[in-house]
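Please read the structure below before turning to the comments.
Heavy atoms only: backbone and side chains are in, while hydrogens, waters and symmetry mates are out. Please read these numbers as outputs of a predicted model, since none were measured by experiment.
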Amino acid sequence: MITSLLCVALAIYFEAQGEPAIGQIAVAQVIYNRAEDSRYPDTVCNVVKQGHYQSGKPIRNQCQFSFYCDGKSDEPTNKLAWYNAIYFAGLSTLTKDNTEGATHYHSIQVLPEWAYAGKRTAKINGHIFYTGVDR
């Protein structure tokens, strides 16, 4: 059985491994914020795996965290990035939430439609964070 820490570490690894520590921790904080928000699943693993499913399998490109159902392997291959992701997943439970309660984020390289409905709370390196998004 996969632990909560490993679920968060996988999300950090695939969503933010190129970010500095503060950016990787911020992605983890979004996951923890969602787990505390009644609109989302109540465990971090279920938050990471949230999406649309068919026959028990996630539908490609229909997940809240894109890495989980992009059709690519979810097996970390970069040992250093994976160790860092595990470390930052643990550290994120002990640090101040620099996203100011964000439940959503996106890369600065895209502007999803839902971003217009939310309140921007932070820009941390390559990601922009939001609260108040209903989707």
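Shown here is Lys123, whose NZ atom has more than 12 heavy atoms of other residues, nucleotides or ligands within 6.0 Å. Under a cut-off of 6.0 angstrom, the local environment of OH in Tyr87 is sparse, with at most 12 non-hydrogen atoms contributed by other residues, nucleotides or ligands.
Between Leu91 and Ile25, some side-chain heavy-atom pair lies under the 4.5 Å cut-off. For the pair Val110 and Pro112, the minimum side-chain heavy-atom distance is below 4.5 Å. Side-chain contact between Ile59 and Cys69 is absent, with no heavy-atom pair separated by less than 4.5 Å. For the pair Pro76 and Leu10, the minimum side-chain heavy-atom distance is below 4.5 Å. Two residues are said to be in side-chain contact when any heavy atoms from C-beta on lie closer than 4.5 Å; Gln50 and Arg34 meet this criterion. The closest side-chain heavy-atom distance from Val48 to Phe67 is below 4.5 Å.
Separation of atoms CG (Asp74) and OH (Tyr13) is listed at 10.5 Å; rounding is to 0.5 Å. Between the NZ atom of Lys79 and the OG1 atom of Thr77 there is a distance of 11.0 Å, given to the nearest 0.5 Å. To the nearest 0.5 Å, atom SG of residue Cys7 and atom CD1 of residue Ile12 are 11.5 Å apart. Put simply, SG on Cys45 and CG on Leu6 are 8.0 Å apart, with the number rounded to the nearest 0.5 Å. Residue Gln17 holds its CD atom at 9.5 Å from CG of Asn84, rounded to the nearest 0.5 Å.
Note on ring orientation: taking the six-membered ring where Trp is involved, the planes of His104 and Tyr40 are perpendicular (angle over 60°, cut-offs 30° and 60°). Aromatic ring orientation, Phe65 versus Tyr105: tilted (interplanar angle from 30° to 60°).
Contact record, Tyr32 with Ser92: CE1-OG, 3.2 Å, taken as the closest heavy-atom pair. Residues Asn125 and Glu19 come closest through the heavy atom pair CB-OE1, 2.8 Å. Minimum interatomic distance between Ile124 and Ala26 (heavy atoms only, all atoms of both residues): CD1-CB, 3.7 Å. Of all the heavy atoms in Ala81 and Asn78, the pair that sits closest is N-OD1, 2.9 Å. For Pro41 against Asn46, the heavy-atom pair with the smallest separation is CB-CB, 3.4 Å.
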Yes or no on side-chain contact (heavy atoms from CB on, under 4.5 Å) for Leu5 and Ile86, after CA distance, side-chain angles and deciding distance? CA-CA 7 Å; Leu5 180 75; Ile86 293 169; 4.1 Å; yes
Any chance you could lay out the side-chain contact (heavy atoms from CB on, under 4.5 Å) test for Val27 and Phe88, step after step, and finish with the verdict? CA-CA 10 Å; Val27 166; Phe88 293 135; over 6 Å; no
Are Ser66 and Glu15 close enough, and set up right, to give a side chain to side chain donor-acceptor pair (under 3.5 Å), and what steps lead you there? CA-CA 8 Å; Ser66 59; Glu15 299 274 321; 3.3 Å; yes
Taking it one step at a time, do Ile108 and His127 satisfy side-chain contact (heavy atoms from CB on, under 4.5 Å)? CA-CA 5 Å; Ile108 59 171; His127 289 111; 5.9 Å; no
Can you check side-chain contact (heavy atoms from CB on, under 4.5 Å) on Thr121 and Tyr130, steps first, answer last? CA-CA 5 Å; Thr121 60; Tyr130 299 85; 5.7 Å; no
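Partners of Asp37 according to the salt bridge (Lys or Arg N to Asp or Glu O under 4.0 Å) rule, which considers only residues two or more places apart in sequence or in another chain, are Arg39.
The closest donor-acceptor contact from the side chain of Asn33 to the backbone of Ala102 lies under 3.5 Å. Remark: the backbone N or O of Thr131 is not paired with any side-chain donor or acceptor of Glu100 at under 3.5 angstrom. For Gln64 (side chain) and Gly51 (main-chain N/O), no donor-acceptor pair under 3.5 Å exists by modelled atom type.
A centroid separation of 6.0 Å or more is found between the aromatic rings of Phe129 and His106.
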